[in-house]
Amino acid sequence: MDAGEMWLYREKIDPAVLTAVTIGPDTPPAAIRHLAALVRDGRLALSHLTVGDERASQSREWRYLPNLVRHLDDILAGSPGLVELTVAKCPLGQVPPAVSGLRRLQRLTLSWAHLDRVPPWVFELPALTRLGLGHNNLTDLPSTVPAAARLTELDLGFNRFVEVPAGVWQLGRLETLSLQGCPLQHIPADILRLTSLNWLVLGRRGRAAITVPPPEVVARGLAAIKSYWAQEQASGLDFLAEAKLLIVGEPGAGKTTLAKKILDARYQLDPDEGSTQGIGVFAWQFPSGIRAAGHLLERDFRVNIWDFGGQEIYHATHQFFLTKRSVYVLLSDERKEDTDFRYWLDVIDLLSGGSPLIIVQNRKQGRGRPLDLGTLRQDYPNLVATLAVDLSTNAGLDELLDRVRRELELLPHIGTALPRTWQDVRLALEADERSYIPAEEFFAICAAHGFTREEDMRQLGGYLHDLGVCLYFQDDPLLGKTVILKPEWGTTAVYRVLDDREIIDSLGVFDPADLRRIWHEPAYQRMRAELLRLMERFSLCFTVPGTTTYVAPQLLSGVRPSYRWDEPGDLTLRYDYDVMPKGIVRRLIVALHDLIEGASVWRNGVVLRYDTGRAEVIEDYHRRRLRIRLAGRDPRVMLAVIDRALTTIHRSFPDIRFERLRQCDCAVCADSAEPTMFPVRELEDFAATGDLIQCRASRRLMDAAVLLSDLWKPADPEAETGRAAGPAEVYVSHERSEAAEELVGTIEKRLDARGLLVRRDRDELRYRDAIQRFMRWLGPSKIVVVVLDDAYLRSRSCMFELTEIAERPDFARYVFPVVLPGADIFEPVGRLRYARYWADKRDELLRETEGLGPELRRAVRDDLDLYERIRDTVAGITDLLAGMRTVTPGADHEQLYRAIDAALTPRGVSDL
């Protein structure tokens with residue numbers, strides 16, 4: 001209960017029945033003093049105390065902080081039975097000293113608390129099992145960490161740890177460890193000592209700086225990290241001295257010539273040499289000294305030079321090959337002066353993860369133009385040099401080669417320790433002259449070099465795929481049967497289709513006969529199905545539904561076709577990108593090709609239809625935006641489909657940044673060519689606080705919650721066409737009883753392991769929170785688990801949620817009641833007992849209002865109505881449960897997990 005409410009209704013509340021209290025930023029001093037007095041006098045025995053709110057803004061002012069600090073130790077000292085203490089976004093600056101006396105404390109959270117140190121005694125609390133220290137300023141932990149022998153969950157995320165504190169590796173019972181957002185570079189082999197650890201949270205930002213194990217291994221999760229170190233211990237070490245050099249630029253700039261000059265400066269220019277079709281790959285070696293394990297080691301440095309075709313038709317596949325841990329050379333032809341520097345700089349900045357970039361000006365016959373290097377370096381900090389060469393005379397070539405070698409040798413991953421078996425397999429594959437091999441043969445090569453487990457072989461295959469050494473799509477039923485040893489072989493085959501004159505003249509339409517004609521050589525004949533699947537994998541084509549005809553959207557007409565759009569009251573949404581990769585709408589066309597409305601598709605846009613809903617999606621690359629117009633009975637259905645497809649596309653650009661904007665629907669904006677566009681994140685902030693947001697055009701105040709209600713959640717769950725509106729999430733409604741807490745903890749661990757987000761009611765909703773937001777949140781990829789026990793059925797806040805859910809029968813398919821022992825609801829006498837309980841609560845409150853003024857009586861009117869609604873819900877609870885997937889979990893709770901899996905899988909969420 002909120003401490004302020006407890007003080008306000010102090011004459012009517014029996015503190016002896018309360019066990020959980022929340023102190024907020026606006027809790028008045030009188031309420032805190034009242035709480036401290038109740039605790040001190042023994043009239044209030046707390047088991048749960050929350051100070052602050054994780055959902056509140058970090059800038060929220062704590063007006064009465066000195067008063068809180070003055071009384072908090074008294075409150076804690078008087079609560080020896082406290083089992084859970086949460087301090088969230090409250091700037092205490094220290095761990096309250098009285099916490100040291102809480103011998104029964106099991107769960108301690110101190111997040112956003114402005115901590116720069118943790119007292120040693122925190123880890124000596126005898127009952128502590130969960131400790132959250134996220135979002136502070138910690139750089140180290142005390143030496144007493146191993147004393148927390150019962151600790152199973154530890155959150156150190158978003159602190160300033162540059163290495164994992166040594167004591168953490170001695171926590172033998174630790175099951176969950178969060179290091180998200182910490183500037184770590186190294187996850188050591190000590191992680192093998194955490195034999196109980198089954199969940200490691202690093203997060204995208206947390207992974208970015210990690211170099212050991214290699215990022216490609218870290219990205220695959222805890223099991224891959226443990227496997228990496230286990231193999232290293234079994235086979236010994238070698239050290240990585242290999243990288244990619246990627247040469248990009250406009251067609252005809254001389255990229256292929258430069259690549260060949262790097263290999264052999266004596267190479268003579270060929271005036272008839274055509275532009276690269278797709279990608280060319282060249283192998284380059286030079287002797288080098290690399291730093292590894294504190295020593296300087298002599299190695300032959302291996303470089304894979306990738307020469308990219310500059311034609312725009314190839315740009316859509318850059319995302320698959322412009323990788324991190326590489327050096328980039330942007331070559332410009334100074335005679336033509338047509339290099340689109342901003343495009344190339346932006347796409348390299350987006351995809352390279354900060355890899356070093358060198359601009360090379362190919363000054364043919366000594367001609368050149370100046371560049372504004374100061375501005376370029378300010379906007380693109382990864383630009384390390386600008387050099388000039390004349391490839392016809394080799395002038396400047398030696399300086400370029402020296403700089404390229406230096407940047408390659410300075411890449412962070414060079415010198416990284418690898419299991420020796422990995423390097424052995426890598427060399428064996430490099431020596432194989434074939435373009436591709438069956439996956440079974442790859443496994444045999446691994447086994448011949450010391451691998452014993454298939455999962456370790458697959459991990460290495462994934463690592464080599466991520467590095468671009470080979471193409472091995474293990475998750476694809478067809479492509480997973482083959483390892484393409486020469487990626488350029490596959491890309492060349494793919495680009496031959498896009499470069500084919502007949503297909504170009506047909507505006508991208510082709511069929512199996514075209515593929516037999518194009519891929520007629522023996523090297524391709526047996527791999528036609530795989531190569532076509534590769535095109536689909538790269539979003540380069542799609543099948544016309546019900547036919548064997550394919551379409552390459554890159555070759556569609558650039559002219560927008562004629563179609564009718566006279567939809568009244570349509571909804572406009574926009575995606576504005578900081579850097580917009582080329583071809584997003586074409587990938588969307590491939591992903592949603594089965595929803596294309598007739599022939600309403602062109603190179604930069606598409607009209608989609610499902611049931612009564614329509615959507616027009618147009619890409620404006622020069623303005624870096626994607627505009628979506630929606631119409632129909634409920635635009636949320638179509639938007640959910642589009643948003644999910646875009647989410648998948650965006651995942652392939654890890655550093656992509658964009659803003660969703662929703663058009664104002666006031667009368668002025670409806671008729672305006674430039675309506676007000678509200679950022680969706682601002683609408684969410686305003687809706688959370690209940691504030692109105694002002695339209696800049698009409699100056700009207702608009703309801704943010706209403707504007708948001710048109711977005712993201714479909715009203716008709718059946719209209720999802722198998723696509724969910726976002727990541728699968730599980731919301732758990734429960735009361736803090738021992739049995740419920742145990743079950744919810746188990747649910748969290750099990751579903752977290754599947755990548756599902758678990759939200760608890762105490763984290764997401766407070767009593768009387770806007771239930772409309774809660775209902776809008778529900779949908780096909782989000783389900784609710786209601787843990788029913790005796791405490792739940794007697795809890796006002798919990799029954800408030802259940803009552804609201806009960807009044808929305810359309811959500812019954814997403815609600816899973818779990819009935820625990822003690823919830824006596826299946827017998828009529830039990831139901832009557834709970835109904836009588838809530839009827840008595842209502843009558844008691846009604847009696848207390850007798851003789852009060854009309855204002856106070858109105859203040860409790862909602863509570864009287866709520867008690868009556870709860871009474872009716874309890875009385876008919878068996879009918880309510882009959883429409884839901886009620887489970888009674890056994891000791892292993894498998895019935896519940898199977899039910900959740902069954903609910904998620906048919907809706908396309910199983911891939912999560």
Can you tell me how far the [atom1] atom of [X] sits from the [atom2] atom of [Y], to the nearest 0.5 Å?
| X | Y | atom1 | atom2 | answer |
| --- | --- | --- | --- | --- |
| L49 | L76 | CG | CG | 6.0 Å |
| I13 | E5 | CD1 | CD | 7.5 Å |
| L683 | D703 | CG | CG | 10.0 Å |
| W838 | T873 | CH2 | OG1 | 10.5 Å |
| L133 | T109 | CG | OG1 | 8.5 Å |
| L701 | F686 | CG | CZ | 9.5 Å |

Non-hydrogen side-chain atoms of [X] and [Y] separated by less than 4.5 Å:
| X | Y | value |
| --- | --- | --- |
| R63 | D26 | yes |
| R104 | L82 | no |
| H48 | V83 | yes |
| V122 | V99 | no |
| Y837 | R871 | no |
| L866 | R869 | yes |
| D155 | V201 | no |

Considering all heavy atoms of both residues, which atom of [X] and which atom of [Y] are nearest to each other, and what is their separation?
| X | Y | result |
| --- | --- | --- |
| V51 | C90 | CG1-SG, 3.9 Å |
| L125 | S100 | CD2-O, 3.9 Å |
| W62 | L68 | CZ3-CD2, 3.7 Å |
| N136 | H114 | OD1-N, 3.1 Å |
| E124 | T144 | OE2-CG2, 3.6 Å |
| G134 | N159 | CA-ND2, 4.0 Å |

Inset, instruction - Report the C-alpha separation of T27 and W7 in whole Å, then their side-chain angles, then the decisive distance to 0.1 Å, and conclude whether the side-chain contact (heavy atoms from CB on, under 4.5 Å) test is met. - result: CA-CA 10 Å; T27 301; W7 174 68; over 6 Å; no

Quick one: does any side-chain atom of [X] pair with a main-chain N or O of [Y] as donor and acceptor, under 3.5 Å?
| X | Y | answer |
| --- | --- | --- |
| D73 | A98 | yes |
| S196 | L174 | no |
| T152 | E175 | no |
| S79 | I75 | yes |

Considering only distance and modelled atom types, tabulate donor-acceptor pairs under 3.5 Å from the side chains of residues 28-44, sequence neighbours left out.
none

Inset, instruction - Kindly determine whether D843 and Y867 satisfy side chain to side chain donor-acceptor pair (under 3.5 Å), including the steps that lead there. - result: CA-CA 9 Å; D843 293 344; Y867 289 152; over 6 Å; no

Inset, instruction - Go through L92 and L72 one step at a time and tell me if the side-chain contact (heavy atoms from CB on, under 4.5 Å) criterion holds. - result: CA-CA 10 Å; L92 289 180; L72 186 55; 4.0 Å; yes

Legend entry - For L154, the option from L171, T176, L197, V145 that meets side chain to side chain contact (heavy atoms under 4.5 Å, CB included):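 The single option meeting the side chain to side chain contact (heavy atoms under 4.5 Å, CB included) with L154 is L171.
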
Legend entry - Lys/Arg N to Asp/Glu carboxylate O, R836 vs D840, below 4.0 Å: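 Looking at D840 together with R836, the answer is yes, because their closest N to O distance falls below 4.0 Å.
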
Inset, instruction - Decide if atom CZ of R10 counts as having more than 12 heavy atoms of other residues, nucleotides or ligands within a radius under 6.0 Å. - result: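 Result for CZ/R10: enclosed.
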
Legend entry - Full working for side-chain contact (heavy atoms from CB on, under 4.5 Å) between I870 and Y834: CA-CA 10 Å; I870 293 176; Y834 288 118; over 6 Å; no

